[in-house]
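This report refers to the structure that appears directly beneath it.
Here, residue 1 is the first one in the sequence, and each next residue gets the next number. Atom set for the values below is all heavy atoms of this structure, side chains included, hydrogens, waters and symmetry mates excluded.
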Amino acid sequence: MAMAENGRKTAAEQTPRMAFGLAAMDISGVLSPFTFPRRNNGPSDVTIKILYCGICHSDLHSIKNEWKDTVYPIVPGHEITGVVVETGSEVLKLKVGDKVGVGCLVGSCRSCENCIHHKENYCPKLLFAYNSLEADGRVTRGGYSNEIVVEEHFVVKFPEGFPLDRGAPLLCAGITVYSPMRSFGLDRPGMHVGVVGLGGLGHVAVKFGKAFGVKITVISSSPEKEEEAIKRLGADAFLLSSDAQQIQKAKGSMDGILNTVSAKHALLPLILMLKSEGKMIMLGAPDQPLEFPVLPLLLEGKVLAGSCIGGMKATQEMVDFAGKHNIAADIELISVDYVNKAMERLAKGDVRYRFVIDVSNTLTPP
């Protein structure tokens, strides 16, 4: 076996460190204790003791193989916050003790046009925090675990005093709404933006929108969410999607719509709410095809687009903006023992608005 010049094994050659967490072993999606190897901390890596990990709807899709690409066993989790416990010799911006976060991305080629323009999220060789194949053939495993080793470039630093439990969902839900608002020009004061769905993504979209000075209308199929949207989250208006009269009155009134719904639903009523040249950005990932009405787009120059999380520059910017404006997710903090029950509730939409696992206090070695 090759050795480094000092006679020691390189980080890649050393016996991998063992981590432990929760994994789904098959399509049932049931999560159970699992021990697995992590790579050793390389020169550009940091090792993070995981304190909290949010539960994203993508985790539920993945553990049940609803997107038909799951590699079992799968350790989910891409809304990770924790503390740096080890740094490599080439790490520049982080130090031991820093409070940090890791989102959906843990790798990219760093040299393609997307990467050069800080759009690592669209790199053809991107690596997700879990269920991606690393260069050495190992499958990435996520944040439902005690620790993670990540290249420094893909780690963001949280402002001092930021609540890491409520900050965890920002690493996916937060950047998923923040990035398109910035990229598609829906962050300018006075604009009118609709938010479809008041869940994990929708509730932080309202918070970011109000911080931008945007008029926010929540569009939901749940009438009980009206008071929550307006009185507690600060939305300017609420539309019940099943109320034809309300929907008709809103026709042509919005500069943009953030569509966070991940179930099959009708697009036409939403497209009709847009002004001429308005933009609807698709952020949810339904597991069934949606009917796509083209004519309303053609007649008024409307845009139907998609957006997937954001690059690392935007993610750090989002975290800094959240710290400045006191934006954090509304969560239900749960123990490791409750995760399978939380998945059942999430499938029914029974969460307000994000489950977050208290990893460091409740995860014990199997």
Side-chain angles (χ1 to χ4, degrees), residues 54 56-58 78-81 100-105 114 117-122 126 128-129 153-159 162-164 166-219 229 233-236 254-262 279-285 303 305-331 353-354 356:
C56 176
H57 210 281
S58 298
H78 57 211
E79 297 180 343
I80 302 163
T81 55
V100 296
V102 177
C104 301
L105 304 182
N114 285 323
H117 290 92
H118 309 291
K119 298 287 187 180
E120 300 94 336
N121 50 313
Y122 298 132
L126 65 83
F128 290 114
H153 180 78
F154 297 94
V155 179
V156 297
K157 186 176 180 180
F158 274 92
F162 201 101
L164 294 184
R166 297 180 62 211
L170 298 184
L171 278 308
C172 176
I175 188 60
T176 296
V177 298
Y178 179 93
S179 179
M181 292 184 84
R182 289 291 203 197
S183 298
F184 289 94
L186 301 178
D187 59 344
R188 298 194 296 272
M191 298 197 83
H192 185 187
V193 176
V195 175
V196 187
L198 193 65
L201 273 65
H203 89 286
V204 290
V206 174
K207 294 184 180 188
F208 278 119
K210 296 312 298 177
F212 288 142
V214 169
K215 178 183 177 182
I216 293 289
T217 294
V218 170
I219 305 160
L233 294 174
D236 298 282
M254 299 179 189
D255 298 287
I257 292 175
L258 299 179
N259 189 337
T260 75
V261 177
S262 58
K279 306 164 186 175
M280 179 158 69
I281 318 302
M282 304 298 291
L283 305 178
V303 175
S307 180
C308 182
I309 51 173
M312 295 313 302
K313 182 178 180 181
T315 304
Q316 184 65 65
E317 178 188 293
M318 177 273 301
V319 167
D320 293 339
F321 184 90
K324 181 178 179 180
H325 293 274
N326 195 29
I327 296 171
D330 293 356
I331 68 167
Y353 285 98
R354 207 64 152 188
V356 173

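Remark: the backbone N or O of Leu164 is paired with a side-chain donor or acceptor of Thr81 at under 3.5 angstrom.
Contacts of Tyr122 classified as side-chain hydrogen bond (donor to acceptor under 3.5 Å, both in side chains), with partners at least two apart in sequence or in another chain: none. In this structure Asn259 satisfies the side-chain hydrogen bond (donor to acceptor under 3.5 Å, both in side chains) test together with His265, sequence neighbours excluded. With sequence neighbours left out, the side-chain hydrogen bond (donor to acceptor under 3.5 Å, both in side chains) criterion links His153 to Arg110, Glu120. Scored by the ring-ring contact (aromatic ring centres under 6.0 Å, His included) test, Phe212 finds Tyr178, Phe321 as partners (sequence neighbours excluded). Every residue two or more places apart in sequence or in another chain was checked for a salt bridge (charged side-chain N to carboxylate O under 4.0 Å, His left out) with Lys215, and none qualifies. By the ring-ring contact (aromatic ring centres under 6.0 Å, His included) test, Phe162 is found to be paired with Phe158, residues two or more places apart in sequence or in another chain being considered. Every residue meeting the side-chain contact (heavy atoms from CB on, under 4.5 Å) condition with Lys279, not counting sequence neighbours, appears here in chain and number order: Phe184, Ile281, Val303. Listed by chain and residue number, His78, Val106 satisfy the side-chain contact (heavy atoms from CB on, under 4.5 Å) test with Ala129 (two or more places apart in sequence, or in another chain).
Judged as a salt bridge (charged side-chain N to carboxylate O under 4.0 Å, His left out), the pairs with a partner in residues 314-327 (not counting sequence neighbours) are, in order, Arg182-Glu317. For residues 307-316, no residue pair satisfies the salt bridge (charged side-chain N to carboxylate O under 4.0 Å, His left out) rule, not counting sequence neighbours. Listed by first and then second residue, the side chain to side chain donor-acceptor pair (under 3.5 Å) pairs involving residues 194-213 are Lys207-Asp330, Lys210-Asp236 (not counting sequence neighbours).
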Table please: side-chain donor-acceptor pairs of residues 190-197 below 3.5 Å, with sequence neighbours left out.
from, atom 1, to, atom 2, distance (Å)
His192, ND1, Ser253, O, 3.0
His192, NE2, Thr217, OG1, 2.7

